[in-house]
Amino acid sequence: MQPTDDFDPSRVTRSLLRRSRHGALATLTVGKGDPYCSLVNIASHPDGTPILLISRLAVHTRNILSDARVSLMLDERAPGDPLEGARIMLGGTAEEASEAERPLLRRRYLGVHSSAQAFVDFKDFSFFRVRPTSLHLVAGFGRIIDLAPAQYLTDLDGAESVLEAEEDAVAHMNADHRDALNLYATTLLAAEAGDWHCTGCDPDGLDLQNGTSIALRLDFPRRIVTPMELREVLRELAEQARALNG
């Protein structure tokens with residue numbers, strides 16, 4: 001299947017990865033190999049790969065530590081018939097995060113699941129990243145396609161400075177520019193007004209959340225790799241939103 005003017009499978013997939021807060025995780029049962037499925041909370045790494053915070057007491061974690069192969073089903077949780085909405089099945093391996101990775105994963109995860117603050121530092125909990133090897137997208141009739149990781153993950157090469165600035169940028173936007181974040185959501189993304197705040201940014205876009213579960217993805221008009229470029233594109237988007245808002 002080829003993309004059309006009104007359907008970009010890579011963009012749909014990136015958006016689902018960034019907006020999803022829950023998913024069905026399938027693992028292989030220790031000693032048997034039988035499929036085992038569980039509901040998990042997820043967040044996203046700056047490159048778009050899913051982040052899990054799971055306990056070693058859980059069956060799915062024991063399964064992963066025995067066989068790292070997993071699949072993760074995500075859907076857009078649209079009203080009405082769920083089969084009419086977009087969903088993806090991401091296959092890959094779940095890798096436990098190193099100590100060096102933990103601060104970033106912890107910040108990104110708590111940014112979208114604040115309630116996890118109560119147990120994130122328990123000794124039995126660890127962060128894992130799902131490293132994709134395959135992805136199957138179903139986005140409606142005739143819109144079914146397999147994608148390679150390079151087609152939907154965000155390229156972080158050369159973007160080290162903007163990634164280092166992400167934490168401060170997110171804090172600044174939430175402290176001083178909530179009006180702009182609300183305009184992004186309501187004017188550029190046609191969402192309802194609410195307590196919109198920023199949960200993360202990367203070279204391709206900005207992640208927004210209202211409350212604890214309603215999430216949006218604002219794609220940038222171009223790839224950015226420096227803090228200065230980030231400021232400029234956010235200013236441009238705010239000006240665009242204000243112009244549209246009258």
Side-chain angles (χ1 to χ4, degrees), residues 11 14-22 41-51 53 76-77 100-118 120-121 127 153-246:
R11 183 175 182 177
R14 284 194 298 269
S15 178
L16 264 175
L17 284 171
R18 302 292 187 174
R19 292 185 290 115
S20 294
R21 298 292 179 258
H22 321 282
N41 286 338
I42 67 169
S44 64
H45 186 274
D47 68 3
T49 53
I51 301 170
L53 174 62
E76 62 183 349
R77 305 288 167 123
E101 292 178 294
R102 182 178 169 83
L104 171 62
L105 303 191
R106 188 181 192 279
R107 174 168 56 79
R108 298 275 300 192
Y109 191 91
L110 292 178
V112 299
H113 296 292
S114 58
S115 62
Q117 186 73 52
V120 65
D121 294 321
F127 286 103
L153 293 183
T154 295
D155 180 8
L156 301 181
D157 287 346
E160 291 80 8
S161 63
V162 77
L163 296 179
E164 291 173 0
E166 182 201 18
E167 183 175 9
D168 288 342
V170 169
H172 174 65
M173 291 296 292
N174 288 332
D176 299 332
H177 298 288
R178 293 296 275 266
D179 57 337
L181 295 176
N182 194 66
L183 273 176
Y184 296 156
T186 58
T187 304
L188 300 182
L189 299 173
E192 294 185 2
D195 182 24
W196 290 102
H197 60 282
C198 178
T199 60
C201 61
D202 55 78
D204 290 339
L206 192 75
D207 297 317
L208 301 172
Q209 187 162 306
N210 178 15
T212 60
S213 60
I214 303 174
L216 295 174
R217 174 68 171 179
L218 177 63
D219 291 326
F220 293 152
R222 58 187 179 277
R223 184 171 186 267
I224 58 97
V225 296
T226 68
M228 183 175 294
E229 291 175 342
L230 176 62
R231 287 192 294 271
E232 181 64 19
V233 77
L234 291 175
R235 182 188 61 78
E236 291 175 9
L237 289 169
E239 290 178 352
Q240 178 185 344
R242 291 187 182 101
L244 292 171
N245 201 42

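Atoms considered below: every heavy atom in the structure, side chains included; atoms not considered: hydrogens, waters and symmetry mates.
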Would you call R14 and D219 a salt bridge, using N to O less than 4.0 angstrom?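 Looking at D219 together with R14, the answer is no, because their closest N to O distance does not fall below 4.0 Å.
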So, D121 and R102, do they make that salt bridge, N to O below 4.0 Å?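 Yes, charged N to carboxylate O under 4.0 Å.
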Among residues at least two apart in sequence or on other chains, which ones pass side chain to side chain contact (heavy atoms under 4.5 Å, CB included) with [X]?
| X | value |
| --- | --- |
| E232 | R222, R235, E236 |
| Q240 | L188, L237, L244 |
| L110 | R106, A116, Q117, V120 |
| H177 | H172, M173, D179, A180 |

For residues 193-200, which side-chain N or O atoms pair as donor and acceptor with protein atoms under 3.5 Å away, sequence neighbours left out?
{"unit_1": "D195", "atom_1": "OD1", "unit_2": "R178", "atom_2": "NH2", "d": "2.5"}
{"unit_1": "W196", "atom_1": "NE1", "unit_2": "E192", "atom_2": "O", "d": "2.9"}
{"unit_1": "H197", "atom_1": "ND1", "unit_2": "D195", "atom_2": "O", "d": "3.4"}
{"unit_1": "H197", "atom_1": "ND1", "unit_2": "Q209", "atom_2": "O", "d": "2.9"}

Please give me the minimum heavy-atom distance between [X] and [Y], naming the atom from each residue.
| X | Y | value |
| --- | --- | --- |
| P46 | T154 | O-CB, 3.7 Å |
| L17 | P50 | CD2-CG, 4.2 Å |
| P221 | V233 | CD-CG2, 3.5 Å |
| C201 | E166 | N-OE2, 3.1 Å |

Determine, step by step, whether L53 and N41 satisfy the side-chain contact (heavy atoms from CB on, under 4.5 Å) criterion, reporting the C-alpha distance in whole Å, the side-chain angles of both residues, the deciding distance to 0.1 Å, and the verdict. CA-CA 8 Å; L53 174 62; N41 286 338; over 6 Å; no
Between [atom1] of [X] and [atom2] of [Y], what distance do you get to the nearest 0.5 Å?
| X | Y | atom1 | atom2 | answer |
| --- | --- | --- | --- | --- |
| L218 | L234 | CG | CG | 8.0 Å |
| T186 | L181 | OG1 | CG | 10.5 Å |
| H22 | H113 | NE2 | NE2 | 6.5 Å |

If we count only N and O atoms by modelled type, under 3.5 Å, do the side chains of R217 and S44 hold a donor and an acceptor together?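 Judged by distance alone, the side chains do not pair up.
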Sub-3.5 Å donor-acceptor pair from the side chain of H45 to the main-chain atoms of L105, do we have one? no
Could you check whether any side-chain N or O of N174 sits under 3.5 Å from a backbone N or O of V170, counting only pairs where one atom can act as donor and the other as acceptor?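 Pair found, side chain donor or acceptor close to backbone of V170.
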May I have the step-by-step check of salt bridge (Lys or Arg N to Asp or Glu O under 4.0 Å) for D204 and R18, ending in yes or no? CA-CA 11 Å; D204 290 339; R18 302 292 187 174; 5.5 Å; no
4.5 Å side-chain heavy-atom contact, [X] and [Y]:
| X | Y | answer |
| --- | --- | --- |
| P203 | L156 | yes |
| S15 | E76 | no |
| V225 | S161 | no |
| L208 | L206 | yes |
| D202 | D47 | no |

Residues forming a ring pair (Phe, Tyr, Trp, His ring centres under 6.0 Å) with F127, sequence neighbours excluded: Y109
